[in-house]
Number of protein chains: 2
Amino acid sequence: MTDVAKLANVSQMTVSRVMRNSGYVSESVINRVVSAATEIGYVNNRLAGGLAGADSSLVGVVLPTLQNRVFSEVLSGVTTAFSESNVQPVFGVSEYSQRVETQLVLDLLAWRPKGLILSGLEHSKELRDTLLASSVRVVEVMDIDGRPIESSFGFSHRKAGWEMAQHLLGKGYKRFAYVGCQPNRDLRAVKRYKSFCNTVHRAGAQMVVTKYSDEPSSMLIGRQCTEAILREKHKPDVIYYANDDLAAGGLMHCLAHQIQVPKQIALAGFNGLGFLESLPMQITTSRTPRFEIGTAAAEFVSGDPKELVEPVKVDFAVDLVAGDTT
Amino acid sequence: MTDVAKLANVSQMTVSRVMRNSGYVSESVINRVVSAATEIGYVNNRLAGGLAGADSSLVGVVLPTLQNRVFSEVLSGVTTAFSESNVQPVFGVSEYSQRVETQLVLDLLAWRPKGLILSGLEHSKELRDTLLASSVRVVEVMDIDGRPIESSFGFSHRKAGWEMAQHLLGKGYKRFAYVGCQPNRDLRAVKRYKSFCNTVHRAGAQMVVTKYSDEPSSMLIGRQCTEAILREKHKPDVIYYANDDLAAGGLMHCLAHQIQVPKQIALAGFNGLGFLESLPMQITTSRTPRFEIGTAAAEFVSGDPKELVEPVKVDFAVDLVAGDTT
DNA sequence: AGTAAACATGTTTGCGCAAACATATTCCTC
DNA sequence: GAGGAATATGTTTGCGCAAACATGTTTACT
């Protein structure tokens with residue numbers, strides 16, 4: 001900056017003002033500084049800027065995985081929101097481990113981010129305490145069933161489970177099955193499941209099978225679990241899947257074996273992923289606004305850090321889309 | 001750090017040594033410092049660290065989109081590789097725009113990253129010049145057909161197009177169609193397409209239809225384009241899709257309308273996405289090692305910045321997987 | 001014309017850390 | 001038991017920038 005200042009015949013501070021366009025600088029000086037900067041190829045050093053007191057304009061984002069479309073869509077929303085501002089996301093993947101998540105966030109805090117976007121409401125006590133004590137703005141996305149550290153942008157998984165159960169009960173189904181993956185990792189799916197089961201039982205219907213895979217969720221797993229369930233003695237008349245990938249896999253199994261859907265077996269998923277539209281049948285599912293949650297969270301954390309913002313809990317309601325598989 | 005130093009009764013510099021575990025520090029001092037740091041909840045400030053001369057341990061990652069699984073898998077590979085080291089990726093999405101990409105990278109450089117991971121070999125002249133002049137390690141991923149800025153980790157799209165054409169010609173197909181999306185954005189698909197056409201023509205066969213959508217690629221678009229092609233007067237006997245999403249959409253159309261694959265129409269895709277496994281038929285495709293390219297690129301850029309590394313061009317060969325749709 | 005505001009620039013200082021360069025203090029070797 | 005190496009700690013300094021606080025210079029309004 002000093003070099004630019006010399007070339008433009010002004011003080012370093014004036015260059016700083018031009019770069020951030022803050023304070024008063026005359027038109028002519030701006031031009032001189034800008035051309036001087038371009039001439040010597042000056043690149044602003046944000047490390048120094050951050051250290052000297054400006055806000056760091058970094059936001060930490062920690063998600064459980066990128067293997068699942070759901071989270072890459074959240075991230076997509078986040079980056080889209082940041083593309084307008086000059087905020088940059090620093091990214092980490094926790095692999096659904098609270099230990100890893102805690103470590104990642106601790107590392108991120110070393111960059112003095114202005115905000116943090118985490119996934120879900122379940123974190124290690126250490127992480128929770130650290131963040132409560134720190135001054136960074138924290139948003140937890142994709143869930144609101146619980147006590148957020150600060151703000152949460154998401155929806156109620158319990159309600160989603162209840163709603164789907166209601167829908168299926170309304171359609172007259174009596175014998176329910178559930179297919180999920182890694183229940184000790186995907187805690188939000190478990191919330192849906194429990195709520196779903198409760199609703200089913202209260203209506204006097206029963207869960208005839210619950211099938212969990214240890215593998216990460218995928219269409220293939222959904223297909224395999226469906227095949228296994230349909231070979232069981234006590235066949236259900238509807239399967240509720242933890243997500244659309246599993247459900248779509250189930251549909252593929254039915255298609256490949258000429259099993260009538262929903263006559264012989266009905267299927268329901270969760271998330272409302274875009275690719276469902278192109279399947280031969282429209283799968284009944286609950287649409288979740290993943291991209292929107294990402295953008296909203298990004299905008300929230302990247303606001304002016306000086307202005308105090310009340311913690312909020314925003315419910316981006318899920319939207320049950322009745323397809324033709326139920 | 002000074003506070004920790006006081007509490008542990010040592011100098012600030014010794015604390016610094018303990019934090020980075022570099023240099024000589026005695027066992028007892030380490031313990032004292034660590035417990036002092038924990039006691040006051042000290043969080044290392046990497047802005048200051050970076051400014052003071054240590055390498056910043058940030059790596060910039062700019063990809064064209066996250067809507068496409070391909071790139072979220074690359075990113076997944078990158079983050080996986082970084083999870084071991086204490087390097088953090090700063091992330092940006094260019095939306096396939098060279099202008100946006102240039103701006104993003106310029107912003108990233110302000111963080112003095114130790115490396116940069118970009119996608120493809122086509123960039124603005126400004127970006128190319130800036131990066132050639134700078135000292136950050138640059139890796140361009142997913143393509144090697146061209147002149148990289150420094151190093152490139154990817155595969156040959158020309159070869160992939162040629163290989164698929166050879167495969168289809170070998171199967172006896174004579175009338176070829178192609179379906180793609182946004183050809184002025186997805187430059188790599190165009191490379192495959194051109195090479196594919198050349199090979200087809202040289203073998204005396206012909207391209208009967210080429211269909212481009214202006215929408216981003218998706219299964220639904222693939223399905224719609226396939227329907228349109230099959231209504232044309234001059235029907236092809238095989239369709240080569242720009243990617244697996246389109247191809248899978250094509251398959252869905254055929255499944256939904258009882259069109260015999262490959263008897264009435266054969267289908268081929270590109271990428272070898274995981275979800276293909278679960279479809280009722282195995283689509284012929286070229287498997288690309290996206291995750292592996294991500295990890296390799298991440299490891300390459302995050303190496304010790306002091307040691308000079310020769311630029312490399314690594315060919316992660318694509319792997320043609322003959323399914324039962326051709 | 002006089003004065004307060006708005007405008008335009010400059011000087012000093014410190015953010016928190018790690019290189020670079022001291023000193024001590026041990027340890028080993030001949 | 002002398003002397004060099006290995007070990008252990010401390011002091012000074014500067015990275016590049018932006019707050020904080022000057023100090024001029026216009027403009028605007030009475």
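Small disclaimer: the values here were computed from a predicted structure and weren't measured. Numbers restart at 1 for each chain; the letters A, B, ... are given by sequence-line order, proteins then strands.
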So the side-chain hydrogen bond (donor to acceptor under 3.5 Å, both in side chains) pairs with at least one residue in residues 146-155 of chain A (sequence neighbours excluded) are none
Within the structure provided, determine whether B:M142 and B:V74 are in side-chain contact (heavy-atom separation under 4.5 Å). yes
Do we see a donor-acceptor contact under 3.5 Å between the side chains of B:Q103 and B:D107? yes
On DNA chain C, reading 5' to 3', which nucleotide is the first and which the last to sit with an atom under 4.0 Å from a heavy atom of chain B, could you check? C:dG16 to C:dA19
Salt bridge check: are B:R128 and B:E140 linked by an N-O gap of less than 4.0 Å? no
What I want to check is whether the side chains of A:S94 and A:S97 have a donor and an acceptor closer together than 3.5 Å. no
Going by heavy atoms closer than 4.0 Å, what residues in residues 37-47 of chain B are next to DNA chain D? none
How many angstroms lie between atom CG of A:D186 and atom NE2 of A:H157, to the nearest 0.5 angstrom? 8.0 Å
How would you list all residue pairs meeting side-chain hydrogen bond (donor to acceptor under 3.5 Å, both in side chains) that involve residues 43-52 of chain A, not counting sequence neighbours? A:R46-A:S57
Tell me yes or no: between the side chains of A:S124 and A:E101, is some donor less than 3.5 Å from an acceptor? no
Can you name the atoms? Protein N/O to nucleotides 7-10 of chain D N/O, anything below 3.5 Å, with the distance.
| unit_1 | atom_1 | unit_2 | atom_2 | d |
| --- | --- | --- | --- | --- |
| D:dT7 | OP2 | B:Y24 | OH | 2.8 |
| D:dT9 | OP1 | B:S26 | OG | 3.2 |
| D:dT9 | OP2 | B:S26 | N | 2.7 |
| D:dT9 | OP2 | B:S26 | OG | 2.9 |
| D:dG10 | OP2 | B:S11 | N | 2.7 |
| D:dG10 | OP2 | B:S11 | OG | 2.9 |
| D:dG10 | OP2 | B:T14 | OG1 | 2.7 |
| D:dG10 | N7 | B:R17 | NH1 | 3.4 |
| D:dG10 | O6 | B:R17 | NH2 | 2.5 |

Applying a 4.0 Å non-hydrogen cut-off, can you work out what A:G49 is touching in the nucleic acid: base, sugar-phosphate, or nothing? sugar-phosphate
Answer yes or no: is there a side-chain heavy-atom contact under 4.5 Å between B:V312 and B:F153? yes
Under the salt bridge (charged side-chain N to carboxylate O under 4.0 Å, His left out) rule, what pairs show up with a residue in residues 59-81 of chain B, not counting sequence neighbours? B:E73-B:R290
